[in-house]
Amino acid sequence: MSDQVDVLVVGAGPTGLFTACELLRRGVGVRLIDRTPEPSALPKALALWPRALDLLDDLGVGAALREAAVTVAGFSYFSDGSPLASFTIPPELRPVHLPQYVTERLLTERLHELGGKIERGTRLLALDDVDYGGRIDATDSVTAVVEQGDTGLRRIRASFVVGADGAGSAVRGALGIGFEGTTYPLEFALVDARVAGPLPADQLLYYQAASGTLMIAPLPDGAFRILAVRPQGLERVTVPVMQKLLDERGPGGVTITEPLWETVYRVHARTASAYRRGRVLLAGDSAHVHSPAGGQGMNNGLQDGFNLAWKLAAVLDGSAPASLLDDYSEERSEATDRIIADTDRQTRAWMAHTRTRIAVRDAAFRAAERSGLVPGQVFPVMAGRRVRYTPRRASQEPSGRTRCGLLGRIPGRLRTGMVFPRELAVRYGLAGPEPAGWTLAVQASRPYSDFPELAARVLRRWPGVRQVLLDPAEAVPRTGCAAAGFWLVRPDGHVAAHGHEDDLTHLRLELTRVLHPVR
């Protein structure tokens, strides 16, 4: 038996669910399959940082997520039991913690509201009609052979397939794509539990000792996650063992009273050698895994899905060329490489065990606290506020030497490839409950300027691009550009191009590349 669909999504974890929801919001037909017969009941990933929360707000599940979560207000570090450094997260950059199964449940409810469903107990066996040369236009679809419970084999013909089926991805395996990287020489023992004893409900605590690091993270309903580097030679991890590690490395006076979940796992840093083969694409843990340090894994997967969904929708409805999907691998692998580098530094700090390395690590933390740079420079990165897709063409940037170009070198300033400031995006309708399209945000430097009209003339060949006129009084402090100019903003909020009055030719070039013009 054979079925036809626009997009087949394999894997109903957070990335697969979110991708399916975003596709449905854009009118794309979706089949979502998962090999497991029931939803997972495991807490697994916890952290959702502000950029991911923005996406979930726009999808319509952000309020429910926040209600079910706890907010993390800061990090505190200790070395051999003594306070080492403490960092307060600015309110607008704070993450929330909640069990992954709650996130999945809320995304599933939204999927149903959008008319989608999860076909559980459905296992991918093979993919046919894949162009391994990478050309999207070499075929018009891909055939997935799946096994669906007791009903036997089915063939699902899809214009595109998205593999979001985890680190052991069947999609990646069917494509023969490598999963390259390393495995850290350490294991983590974890227990989620309710405890007796004084622990702050809004702080991440890191206790670093020569025998290994121990971390305590707050969970909803008064529970905590206790994560410890597993001592060498320890074959089995039990609650008494975790209590012993907590007593040896932790704050003291804290007793595990009700264990909720226990596990042991290895830490890997791996990325797929390619994120796409023809009409088949990888997202989330299928494409990359890395250390849990910083709680970036689920956030990274959601941003994969957001990047991918609007591009697939645009290609499928004919408004954009298939070449638009070529950028997916480059952009998301660039973002992932940065995350892997950041989490690797944190993980290696956990691994320090010699006197010299411990002394260097502790000195670095003390210096970071004294400098005051962490709240303004580190937390915005962790929050996803500085994700940037590096421009690859001169037409994406203003011509000549410009004041905003020089200011853009200052960390945190808006640059081409970054996300347009959230406050402005919501204010002018570039983000929100309705799926965003391409937007040209125009700023005039003086009253009665003809620049907005000149920009509007360019858009006549692209009537699907909406133009908004920014108020310089509220835009300049956030964009850092006081000149008359434009920002071409993609449906996912990233700035595709920025220019000034003399750069309308650049605007035409960029629009021609990403959208089909009308005659």
How long is the gap from [atom1] on [X] to [atom2] on [Y], to the nearest 0.5 Å?
{"X": "E109", "Y": "L114", "atom1": "CD", "atom2": "CG", "result": "12.0 Å"}
{"X": "L308", "Y": "F18", "atom1": "CG", "atom2": "CZ", "result": "11.0 Å"}
{"X": "L504", "Y": "L509", "atom1": "CG", "atom2": "CG", "result": "11.0 Å"}
{"X": "R513", "Y": "S395", "atom1": "CZ", "atom2": "OG", "result": "8.5 Å"}
{"X": "L281", "Y": "L312", "atom1": "CG", "atom2": "CG", "result": "6.0 Å"}
{"X": "D54", "Y": "L302", "atom1": "CG", "atom2": "CG", "result": "11.5 Å"}

Test L316 against R26 for side chain to side chain contact (heavy atoms under 4.5 Å, CB included), laying out the working first.
CA-CA 10 Å; L316 285 164; R26 289 166 171 78; over 6 Å; no

Do [X] and [Y] get their side chains close enough for a donor-acceptor pair, meaning under 3.5 Å?
{"X": "E334", "Y": "T390", "answer": "yes"}
{"X": "T336", "Y": "N300", "answer": "yes"}
{"X": "Y428", "Y": "E474", "answer": "yes"}

Are [X] and [Y] ion-paired here, with the side-chain N under 4.0 Å from a carboxylate O?
{"X": "R25", "Y": "E22", "value": "yes"}
{"X": "R276", "Y": "D326", "value": "yes"}
{"X": "D471", "Y": "R427", "value": "no"}
{"X": "R422", "Y": "E92", "value": "no"}
{"X": "R460", "Y": "E453", "value": "yes"}

Judged by atom type as modelled, is there a donor-acceptor pair below 3.5 Å linking the side chain of [X] to the main-chain atoms of [Y]?
{"X": "T439", "Y": "A441", "value": "no"}
{"X": "R338", "Y": "R388", "value": "yes"}
{"X": "D492", "Y": "W310", "value": "no"}
{"X": "T343", "Y": "A293", "value": "no"}
{"X": "R279", "Y": "S159", "value": "yes"}
{"X": "E119", "Y": "I33", "value": "no"}
{"X": "Q396", "Y": "G417", "value": "no"}
{"X": "D503", "Y": "H500", "value": "yes"}
{"X": "D165", "Y": "V171", "value": "yes"}
{"X": "D221", "Y": "A223", "value": "no"}

Considering only heavy atoms from C-beta outward, does the side chain of [X] approach that of [Y] to under 4.5 Å?
{"X": "V30", "Y": "L111", "value": "no"}
{"X": "T108", "Y": "P39", "value": "no"}
{"X": "L65", "Y": "D57", "value": "no"}
{"X": "R366", "Y": "L84", "value": "yes"}
{"X": "M382", "Y": "P95", "value": "no"}
{"X": "V514", "Y": "W438", "value": "yes"}
{"X": "F420", "Y": "R490", "value": "no"}
{"X": "D202", "Y": "T71", "value": "no"}

Here's a test for you: under side chain to side chain contact (heavy atoms under 4.5 Å, CB included), which of V28, V315, V5 qualifies with F160?
V315

Which word best sums up how the rings of Y389 and H494 line up, parallel for under 30°, tilted for 30 to 60°, or perpendicular for over 60°?
parallel

Do the ring planes of H290 and H288 sit parallel (below 30°), tilted (30 to 60°) or perpendicular (above 60°)?
parallel

What's the shortest heavy-atom distance between [X] and [Y], and which atoms?
{"X": "S333", "Y": "E330", "result": "OG-O, 3.2 Å"}
{"X": "S273", "Y": "E180", "result": "CB-OE2, 3.4 Å"}
{"X": "R277", "Y": "I177", "result": "CG-CD1, 3.7 Å"}
{"X": "A436", "Y": "P491", "result": "O-CB, 3.3 Å"}
{"X": "P421", "Y": "L414", "result": "CD-CD2, 3.8 Å"}
{"X": "A201", "Y": "P218", "result": "O-CB, 3.4 Å"}

Crowding at CD, E67 (>12 non-hydrogen neighbours, <6.0 Å)
no

Atom CZ of residue position F87 - does it have more than 12 heavy atoms of other residues, nucleotides or ligands inside 6.0 Å?
yes

F379 ring center within less than 6.0 Å of F75 ring center
yes

Would you check, one step at a time, whether the test side chain to side chain contact (heavy atoms under 4.5 Å, CB included) holds for R466 with L430?
CA-CA 10 Å; R466 186 172 68 101; L430 281 69; 4.0 Å; yes

Before giving the answer on side chain to side chain contact (heavy atoms under 4.5 Å, CB included), spell out for R386 and R415 the whole-Å C-alpha distance, their side-chain angles and the decisive distance to 0.1 Å.
CA-CA 9 Å; R386 296 189 183 168; R415 303 174 67 187; over 6 Å; no

Using the side chain to side chain contact (heavy atoms under 4.5 Å, CB included) rule, take Q296 and Q346 through it: C-alpha gap first, then chi angles, then the decisive distance, then the call.
CA-CA 12 Å; Q296 297 294 320; Q346 295 180 63; over 6 Å; no

Report yes or no: is the cationic atom of R172 (NZ for Lys, CZ for Arg) under 6.0 Å from the centre of the six-membered ring of F179, at an angle within 45° of the ring normal?
yes

